[in-house]
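The structure appears right after this line, and notes come after that.
Every chain is numbered from 1, with letters handed out A, B, ... down the list of sequences. Since the model is a prediction, treat every value here as computed from it, not as a measurement.
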Amino acid sequence: VNRRYRAVSAGGYYVTAGALAILFLYPLVWSGWASVHQSGAWSLGNYRNLFTYRDGIGTYLANSVVVTGLTVAGTLLVSLLGGYAFGRFSFPGKNVLFLATLAILMVPYPTILIPLYVFLGDLHLQNSLVGLAAVLVMFQLPFATFMMRNAFEAVPQELEDSAMVDGCGTWGALFRVLVHAVRPAVVTVGLFAFLAAWNEFFAALILLNSSDKFTLPVAVVAMEGHSFGSIDYPTMQAGVVFMAIPCLVLFLVLQRSYVRGFMSGALKG
Amino acid sequence: MLNRRRSAVGAAYAAPTALIVTLFFLIPLGLVAWMSVNHWPLLGHAKPNFPHNYTGMADNTLFRQAIGFTLKYTVVITIVLFCVAFALALMVQNPRPGVGALRTAFFLPTAVGLATASLLFLGMLSSQIGPVNPLLRNLGLITRPITGSPTTALSSSVGLVTWRFAGFNMLILLTGLQAIPTELYEAARVDGASRAQSFRRITLPLLRPTIALVLIMMITGSLLAFDQFYIMTKGGPDNSTTSVVMVIVREAFTKFNLGSAAAISVAVLGVLIVLNVVQLAVLRRRSP
């Protein structure tokens with residue numbers, strides 16, 4: 001009786017969990033399906049429409065690639081150097097700067113973006129992809145610096161010492177030896193920066209004003225107001241697929257790094 | 001001497017961080033406070049006008065309506081999202097065949113951006129190509145397409161945000177669940193405790209810090225909601241789904257009044273700080 005009860009209970013579990021899994025996967029599958037259909041018939045026309053939409057999807061893709069590339073590179077460079085400084089050195093103002101970096105998490109997006117809209121103008125970075133990337137690096141810094149500091153703190157002192165004995169300065173020790181020891185953190189920080197920059201909508205909407213500078217999310221959302229009254233939903237789903245695929249692929253490949261980032265961030269933070 | 005030199009080297013490595021934090025965080029933070037006490041048009045010269053931007057908030061009916069809507073949304077989404085995320089976490093807590101695939105399935109929407117997900121749901125809910133309307137009509141739940149009413153606008157946002165964030169919160173709760181030593185459950189079972197008893201006496205108390213973290217993130221995120229309403233409903237119908245952050249954007253870029261937008265932003269920051277301090281205080285007092 002006990003064995004039969006267990007079999008029924010396991011069956012119930014898999015039916016429920018399986019149904020839920022299908023429910024969570026369904027929207028993604030539906031979007032892919034809708035993107036290759038026009039009026040119920042199979043067609044690649046929606047993707048063709050993307051290429052002729054306003055400045056062409058290529059322009060927006062290039063803008064997104066520039067912003068994402070600069071954000072990932074900038075976040076990695078700044079947090080690698082910063083994590084090294086916070087994890088292995090002591091200097092005046094260290095704690096104040098670390099707390100100021102973490103405080104970025106406390107401040108709502110609009111509170112910082114409204115003045116940034118004005119201030120980036122003073123820096124001649126208004127309506128600029130570089131300006132947007134710099135702002136996105138700032139938003140990534142609390143998590144990235146925290147991750148990197150923990151990673152550098154965990155590196156054994158002997159590793160750094162032996163690099164120094166071999167004639168490396170701190171710079172050589174960092175880029176020839178230590179960077180390999182903190183590689184998992186580098187992957188996690190890079191992945192988070194990629195997903196955040198590629199998907200960013202609000203900051204891009206506020207800081208970019210001309211349509212030739214739009215990133216993919218802003219451009220595809222602008223389809224809503226493009227042709228008056230009627231939205232071309234199938235083409236919009238092609239845009240959704242276009243934006244989602246890189247994230248989904250990267251995410252599935254690097255799922256472990258994502259989860260690791262999470263656990264260190266969530267549990268210690 | 002050597003120490004002083006090493007300290008200077010450390011400061012040099014921290015310099016890029018200091019530059020970014022100062023330039024793009026601290027200066028704007030000071031600037032928003034200064035803007036909030038000025039008449040600051042999008043174009044043209046700023047003039048001090050304290051306390052006009054702050055007193056103006058009280059007369060702003062759209063802002064008052066947005067506060068009401070944002071609070072209502074926050075309550076609803078926090079309850080729904082928490083229950084779903086917790087149920088999923090309990091479901092994938094124990095190792096068994098296929099559980100990794102389940103976790104991935106629940107977690108996959110996290111990779112999709114909120115804006116992208118909003119566009120996806122806009123399509124799913126559309127009466128032209130979406131599957132939701134036909135499904136609900138066949139089930140006899142609706143007679144007209146579910147667009148246009150405030151209630152359906154709210155519930156579709158709740159559906160979207162639950163889909164997009166349940167896996168994310170599931171994962172945090174899961175890490176908390178797995179940090180509870182299994183010996184505790186075994187000891188409770190030896191003592192004859194039922195599953196419900198060990199859930200109430202072991203799981204819930206030990207999970208409290210994780211639950212608090214998840215709730216803080218959900219509440220903060222919902223109070224600042226923007227993308228989903230801007231994309232799915234444009235704040236309508238009749239401004240019924242206009243959130244507080246949408247009002248800030250509208251003040252700044254539709255009414256060209258950056259001073260008023262800055263004042264609301266400062267107020268939102270103040271509320272969030274108070275909220276976080278209270279939540280942390282409650283958390284600290286309760287935890288042993």
| said: Set out, in order, the CA-CA distance, both residues' side-chain angles and the distance that settles side-chain hydrogen bond (donor to acceptor under 3.5 Å, both in side chains) for T104(B) and Q255(A), then state yes or no. | reply: CA-CA 9 Å; T104(B) 303; Q255(A) 204 176 354; 3.2 Å; yes

| message | Under a 3.5 Å threshold, yes or no: a donor from one side chain and an acceptor from the other, between Q228(B) and S118(B)? | response |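 The answer is no; no qualifying pair exists.
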
| query | How about N46(A) and Q38(A): does a side-chain donor come under 3.5 Å of a side-chain acceptor? | reply |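 N46(A) vs Q38(A): donor-acceptor pair found between side chains.
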
Per-residue contact mode, [X] against chain A (heavy atom under 4.5 angstrom):
{"X": "L272(B)", "value": "side chain"}
{"X": "L42(B)", "value": "side chain"}
{"X": "V245(B)", "value": "side chain"}
{"X": "W40(B)", "value": "side chain"}

| If you draw the axis of the six-membered ring of F63(B), does the NZ or CZ of R250(B) fall within 45° of it and under 6.0 Å from the ring centre? |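 Geometry flag: not set, cation outside 6.0 Å or 45°.
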
| Part of L120(A) within contact of chain B (heavy atom distance under 4.5 Å) |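 The answer is the side chain of L120(A).
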
| Tell me, side chain or backbone of M236(A) under 4.5 Å from chain B's heavy atoms, or both, or neither? |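 Only the side chain of M236(A) comes within 4.5 Å of chain B.
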
| said: In terms of relative ring orientation, are W198(A) and F194(A) parallel, tilted or perpendicular, with 30° and 60° separating the classes? | reply: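 Parallel.
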
| field | Options V118(A), L123(A), L174(A), ranked by heavy-atom pairs under 4.5 Å with chain B, top entry | value |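 It is V118(A).
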
Return the option, out of [options], with the maximum number of heavy-atom pairs under 4.5 Å with chain A.
{"options": "V112(B), L224(B), L108(B), I248(B)", "result": "L108(B)"}
{"options": "A261(B), A18(B), P109(B)", "result": "A18(B)"}
{"options": "L120(B), T220(B), I20(B), V249(B)", "result": "L120(B)"}
{"options": "A14(B), G113(B), A115(B), G10(B)", "result": "G10(B)"}

| field | For R88(A), all residues meeting salt bridge (charged side-chain N to carboxylate O under 4.0 Å, His left out), sequence neighbours excluded | value |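 Checked R88(A) against salt bridge (charged side-chain N to carboxylate O under 4.0 Å, His left out); matches are E160(A).
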
| field | With Y13(B) via side-chain hydrogen bond (donor to acceptor under 3.5 Å, both in side chains) - residues at least two apart | value |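 In terms of side-chain hydrogen bond (donor to acceptor under 3.5 Å, both in side chains), with neighbours along the sequence ignored, Y13(B) is linked to T170(A).
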
| task | Measure the CG-CH2 distance between L81(B) and W163(B) for me, rounded to the nearest 0.5 Å. | result |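 These two atoms lie 13.5 Å from each other.
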
| message | Report, in residue-number order, which members of residues 74-82 of chain A are under 4.5 Å from chain B by heavy-atom distance. | response |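 Residues in range: V78(A), L81(A), G82(A).
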
| Does any pair with a residue in residues 87-111 of chain B pass ring pair (Phe, Tyr, Trp, His ring centres under 6.0 Å), and if so which ones, sequence neighbours excluded? |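 Pairs touching residues 87-111 of chain B that pass the test: F24(A)-F106(B), F251(A)-F107(B), Y258(A)-F107(B).
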
